[in-house]
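Values reported hereafter were calculated over all heavy atoms of this structure, with side chains retained and with hydrogens, waters and symmetry mates removed. Just so it is clear, the model here is predicted, and its values are computed rather than measured. Whatever order the structure lists them in is the order used to number ligands and atoms, beginning at 1.
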Amino acid sequence: MDNRPIGLLDSGDGGFSVVKKVIEKLPNESTVFIGDNAHMPYGNKSQQEIIELTRQSVKFLLSKNVKLIIFACNTATAAAMPTLKKEVDQQIIGVIQSGSLAAARTTQNNKVAVVATPVTIGSHAYQKEIKFRNPEIDVKEVAAPELAPLIEAQKDYQTNLEAVKRSIAPLKDKDFDTFVLGCTHYPIIQEEFAEALGKEIKIVDPADQVAQYTYNVMKRDDLFSDSSNATHEYYTTGDPISFAQMGQRFLGEANLTAKHVDTENL
Ligand code: DGL
């Protein structure tokens with residue numbers, strides 16, 4: 001048994017999409033989520049910058065005495081996870097391996113499309129992981145630099161829909177049956193993706209499998225909490241008001257509050 005919280009990090013609001021699935025799957029667990037909104041987007045930064053920023057968030061989570069850390073960010077998983085795994089004792093769980101497993105299990109015609117940040121796409125991490133599961137699967141990867149910052153700006157449905165359509169335009173005429181939301185911000189506008197893609201395409205949100213994998217790891221390593229008083233803390237390096245608004249909206253928790261934290265001065 002281990003009553004310490006689970007730590008989650010993202011470049012910004014996207015981590016809420018993973019927090020949601022983790023709380024649903026592990027209702028007795030406490031969580032601490034930090035969004036590095038002051039430095040988002042990560043998706044067009046250098047690998048070294050992403051490693052340094054992610055290291056600060058990891059340090060913050062360790063100061064909150066977390067028992068394991070989920071990189072609720074595809075970009076940090078692709079660019080920083082291998083390095084940071086070597087630096088901390090706690091287990092670090094990324095989102096790309098789980099998303100790839102879910103995609104490989106979902107496709108019927110062995111054709112998968114992934115849309116993600118330029119860094120995630122440039123790493124070809126999804127292509128490698130999906131092909132590791134099944135080399136027969138054809139993976140089409142598309143970078144969408146516009147989307148994560150737009151989602152943080154909390155625009156209206158129509159604006160989001162137009163941006164999604166622009167972003168997936170390179171996939172026109174591709175006959176994939178499975179589409180991976182390769183950035184944790186994207187589930188926040190999943191309805192817009194569903195409308196732009198049409199009913200035939202199955203949408204994979206890696207967070208579902210991440211929550212399952214986290215559950216499996218905790219069971220194996222005897223990390224479940226035996227408390228029934230789970231608490232959920234939210235921190236951002238940016239504006240705590242708009243961060244909390246996103247959390248309230250996405251998690252359906254009207255009373256959710258967030259605190260500002262300056263990770264550079266830890
Ligand atoms: N939410 C992040 C991801 O999953 C990235 C957004 C960004 O900062 O570019 O990749």
Side-chain angles (χ1 to χ4, degrees), residues 7-22 33-58 69-82 84 92-100 102-103 113-127 129 141-155 160 163-164 167 179-190 192-193 203-211 213 234-239 242-243 246-247 250-251 263:
L8 300 102
L9 64 82
D10 181 39
S11 63
D13 297 353
F16 281 116
S17 68
V18 182
V19 169
K20 183 177 186 177
K21 298 291 166 71
V22 168
F33 166 41
I34 176 158
D36 190 12
N37 299 66
H39 302 107
M40 92 79 61
Y42 281 10
N44 55 13
K45 289 189 165 47
S46 71
Q47 182 174 16
Q48 202 45 43
E49 282 175 298
I50 297 166
I51 290 172
E52 276 157 26
L53 291 168
T54 307
R55 185 182 281 128
Q56 286 167 0
S57 293
V58 166
I69 296 175
I70 300 174
F71 278 16
C73 175
N74 291 268
T75 309
T77 301
M81 197 168 89
L84 296 179
I92 297 180
I93 294 172
V95 283
I96 295 180
Q97 297 74 11
S98 288
S100 300
V114 183
V115 172
T117 68
V119 166
T120 302
I121 295 303
S123 75
H124 298 298
Y126 269 103
Q127 194 169 62
E129 289 287 339
E141 299 175 296
V142 176
E146 180 186 8
L147 288 182
L150 181 88
I151 293 164
E152 295 256 318
Q154 305 192 29
K155 299 282 190 195
N160 295 335
V164 169
S167 299
F179 181 90
V180 180
L181 298 168
C183 168
T184 54
H185 281 69
Y186 301 169
I188 294 170
I189 58 162
Q190 184 152 350
E192 288 89 324
F193 273 100
I203 297 178
V204 169
D205 175 359
D208 290 302
Q209 187 58 32
V210 171
Y213 181 74
Y234 301 98
Y235 297 89
T236 174
T237 58
D239 173 21
S242 61
F243 190 68
M246 181 63 94
F250 193 72
L251 300 180
T263 50

Measure from every N or O atom of ligand 1 to the protein's N or O atoms and keep only the pairs below 3.5 Å, writing each with atom names and distance to 0.1 Å.
residue, atom, partner, partner atom, Å
ligand 1, 1 (N), Asp10, OD1, 3.0
ligand 1, 1 (N), Thr184, OG1, 2.9
ligand 1, 1 (N), His185, ND1, 2.7
ligand 1, 4 (O), Asn74, N, 2.8
ligand 1, 4 (O), Asn74, ND2, 3.1
ligand 1, 4 (O), Thr184, N, 2.8
ligand 1, 4 (O), Thr184, OG1, 3.2
ligand 1, 8 (O), Ser11, OG, 2.6
ligand 1, 8 (O), Tyr42, N, 2.6
ligand 1, 9 (O), Tyr42, N, 3.3
ligand 1, 9 (O), Gly43, N, 2.8
ligand 1, 10 (O), Asn74, N, 3.4
ligand 1, 10 (O), Thr75, N, 3.1
ligand 1, 10 (O), Thr75, OG1, 2.6

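The shortest non-hydrogen separation linking Val114 to Gly182 is CG1-CA, 4.3 Å.
Taking the side chain as every heavy atom from C-beta outward, Glu152 and Asn37 approach each other to under 4.5 Å.
For Phe16 and Phe243, the distance between ring centers is under 6.0 angstrom.
By the ring pair (Phe, Tyr, Trp, His ring centres under 6.0 Å) test, Tyr186 is found to be paired with Phe193, residues two or more places apart in sequence or in another chain being considered.
From Ser11, atom OG reaches atom NE2 of His39 across 11.5 Å, with rounding to the nearest 0.5 Å.
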Do Glu52 and Gln48 pass the side chain to side chain donor-acceptor pair (under 3.5 Å) test, and can you show the C-alpha distance, the side-chain angles, and the key distance before you say yes or no?
CA-CA 6 Å; Glu52 276 157 26; Gln48 202 45 43; 3.2 Å; yes
